[in-house]
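Report on the following structure.
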Amino acid sequence: MGESRILSRAEALQLGPGWSHALICAPCPGRLFGRVPLRHAVLMQMRFDGRLGFPGGFVDPQDGSLEAGLNRELREELGPGAAPLSLAEGDHLGARCAEMPQRLVAHFYAKRLSLEQLQALEDEATKAKDHGLEVLGLVRVPLYTLRDGAGGLPTFLSNSFAGCAREQLLQALGTLGLVPEAELRRADAASLKGL
Amino acid sequence: MAALTGSAGAAGLLPSLSVPGVTELKPLSRYEAMRLGPGWSHSCHAMLYAPNPGMLFGRIPLRYAVLMQMRFDGLLGFPGGFVDRRYWSLEDGLNRVLGLGLGCVRLTEADYLCSHLTEGPHRVVAHFYARQLTLEELHTIEICAVHSRDHGLEVMGMVRVPLYTQKDRMGGLPNFLGNSFIGTAKFQLLFALKVLNMVPEEKLAEAVAATQKQKKPAAVTANVTTAAVTANVTTAAVTANVTTAAVTANQMVAKPANELANQPLAVAKAEPAAKPATEPTAKSATEPAAEPMAEPAAEAMTE
């Protein structure tokens with residue numbers, strides 16, 4: 001999916017069934033090499049198709065609600081450790097709709113945990129049903145930019161992403177205040193130039 | 001598994017990757033590599049893998065689980081790092097680095113697979129190891145990795161490599177190869193998959209060809225490597241045998257191994273050459289202290 005307008009939950013629901021994915025993050029006080037502030041731990045995953053994406057998936061009408069479907073998907077992908085996550089309507093960050101080649105509606109959520117809770121989630125995820133199948137591993141997103149202007153977030157953004165995951169990541173990092181907007185724009189630009 | 005050895009000067013007998021679109025690295029025999037002079041840095045990395053009888057969606061054979069990792073710099077790579085040969089054998093050095101990260105595996109010379117000269121002006125030889133484990137052992141490593149010292153710092157997470165290609169000809173290995181890799185990692189991955197017969201050669205070639213259409217992966221990784229190199233600060237505390245002699249890759253490759261071994265050490269202390277693209281804020285764009293090369297050393301290696 002390319003660039004698209006961000007819709008509200010209600011607007012997007014009217015467009016039909018779709019996908020729900022979630023960004024899970026936690027404040028992270030550590031420093032890389034004792035010097036580079038980590039700021040936050042933000043989770044993404046390497047998917048079966050070799051692309052990076054967020055946990056989540058297609059929401060069935062049978063799920064009852066977007067959130068119920070999302071929580072179900074999170075349990076499958078992240079294991080029983082995801083049960084306490086209980087994403088709710090209030091965690092909805094925005095939705096996107098792409099029309100070509102077919103209509104795809106993608107809802108995006110974000111939830112902040114404590115670092116301990118996030119670490120427990122990473123730990124449990126290796127034992128999840130989908131581990132080694134739909135999910136090839138969880139990764140944290142480097143939010144810093146190293147002095148070469150490339151290492152860290154810019155390089156991370158140059159990897160292969162599923163659907164609109166890359167846009168969703170940039171949107172969330174900005175909206176949640178995890179990375180200053182100017183830095184996000186620079187990182188985005190640097191990654192597209194082929195560094 | 002059998003190491004791919006050859007006698008000194010018999011580099012021509014060593015297998016090559018020969019996949020169109022992937023820059024071929026010059027192979028060395030272990031013997032030649034060990035005779036390189038003190039001006040050379042040695043890096044050791046390992047591919048841990050296990051036969052995997054599972055099927056994705058109940059129909060796509062997984063064949064093997066192969067471990068790689070997402071690094072602090074946003075690149076995919078293998079576990080390992082630089083080995084200071086003044087103090088450690090290759091295997092001891094590698095095990096030290098792996099022990100810090102993974103804790104559970106000890107590699108031996110029997111796991112040695114190959115050595116290659118890296119691209120770029122720095123004299124680095126990359127040694128590669130491959131060890132087959134049971135799926136249970138590999139899974140245990142994934143579980144341990146989350147608790148390792150490096151987790152959330154040098155290593156952002158372990159990932160398995162999809163070896164299959166889905167019907168759309170992109171899903172799986174092709175897309176995976178379209179990610180960004182550190183230095184020699186992508187070459188070493190493809191090389192190991194080929195020589196260990198884990199993926200048929202034509203499938204590897206198809207997967208690489210599919211990604212060429214999407215973007216220029218070679219350009220991306222090469223540029224990132226170069227940027228990281230120019231951003232180097234080589235400190236005395238880090239491996240002192242790392243040189244930044246301005247020897248071009250072509251010059252290095254042209255010389256036979258025994259001449260390289262006798263070459264006088266031309267040491268130039270690296271100056272931080274990188275100019276930040278923009279004025280770094282207090283929070284960001286600080287350079288890692290212990291990053292001597294394109295591939296950063298595991299910090300504790302120099303303890």
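In what follows, every chain begins at residue 1, and chains take the letters A, B, ... in the order their sequences are listed. Basis for what follows: all heavy atoms, side chains included, without hydrogens, waters or symmetry-related copies.
One finds the CZ atom of A/Phe156 at 11.0 Å from the CG atom of B/Leu75 (value rounded to the nearest 0.5 Å). Between atom CD of residue A/Glu124 and atom CD1 of residue B/Ile143 there is a gap of 9.5 Å, rounded to the nearest 0.5 Å. In this structure, B/Met156 CE and A/Glu122 CD are separated by 9.5 Å, a value rounded to the nearest 0.5 Å. One distance of note links CG of A/Asn159 with CZ of B/Phe176; it measures 9.0 Å at 0.5 Å rounding. Taking CE of B/Met170 as the reference point, atom CZ of A/Arg51 lies at 6.5 Å (rounded to 0.5 Å). Put simply, CG on B/Asn52 and CG on A/Leu133 are 7.5 Å apart, with the number rounded to the nearest 0.5 Å.
With a threshold of 4.5 angstrom between heavy atoms, B/Leu56 approaches chain A through its backbone and through its side chain. Of the atoms belonging to A/Val141, it is backbone heavy atoms, and not side-chain ones, that fall under 4.5 Å from chain B. Heavy-atom distances place the side chain of B/Val146, and not its backbone, under 4.5 Å from chain A. Contacts between B/Gln166 and chain A at a heavy-atom distance below 4.5 Å involve the side chain alone, from C-beta outward. For a residue to count as touching a neighbouring chain, one of its non-hydrogen atoms must lie under 4.5 Å from one of that chain's; by this rule A/Glu134 touches chain B with backbone and side chain alike. Heavy-atom distances place the side chain of A/Leu38, and not its backbone, under 4.5 Å from chain B. Using a 4.5 Å cut-off between heavy atoms, B/Leu76 touches chain A through its side chain atoms alone.
Within 6.0 Å of CD in B/Glu202 there are more than 12 heavy atoms belonging to other residues, nucleotides or ligands. Other residues, nucleotides and ligands place more than 12 heavy atoms under 6.0 Å from the CD atom of A/Glu99.
Interface summary for chain B: among A/Gly30, A/Gly132, A/Ala41, the most heavy-atom pairs under 4.5 angstrom belong to A/Gly132. Among B/Gly74, B/Ala65, B/Gly54, the residue making the largest number of heavy-atom pairs under 4.5 Å with chain A is B/Gly74. Per-residue counts of heavy-atom pairs under 4.5 Å with chain B were compared for A/Ala162, A/Cys28, A/Gly50, A/Ala182; the largest is that of A/Gly50. By number of non-hydrogen pairs under 4.5 angstrom with chain B, the leading residue of A/Val179, A/Asp123, A/Leu52 is A/Asp123.
At least one donor-acceptor pair closer than 3.5 Å links the side chain of B/Asn179 to the backbone N or O of A/Ser160.
With sequence neighbours excluded, the residues forming a side chain to side chain donor-acceptor pair (under 3.5 Å) with A/Ser8 are A/Glu11, listed by chain and number. Looking at residues two or more places apart in sequence or on another chain, you find a ring-ring contact (aromatic ring centres under 6.0 Å, His included) between B/His139 and A/His131.
Among all heavy-atom pairs drawn from A/Leu136 and B/Pro162, the shortest one is CD1-CD, 3.7 Å. Residues B/Tyr164 and A/Phe48 approach most closely at OH-O, 2.7 Å, considering heavy atoms.
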Next item on the list: Let me see the working for B/Met70 and A/Arg140 under side-chain contact (heavy atoms from CB on, under 4.5 Å), right down to the final yes or no.
Entry: CA-CA 8 Å; B/Met70 175 60 74; A/Arg140 294 189 187 183; over 6 Å; no
Note to self: side-chain contact (heavy atoms from CB on, under 4.5 Å), that's the test. Do B/Asn175 and A/Asp49 meet it? Break it down for me.
What the structure shows: CA-CA 7 Å; B/Asn175 280 338; A/Asp49 61 1; 4.3 Å; yes
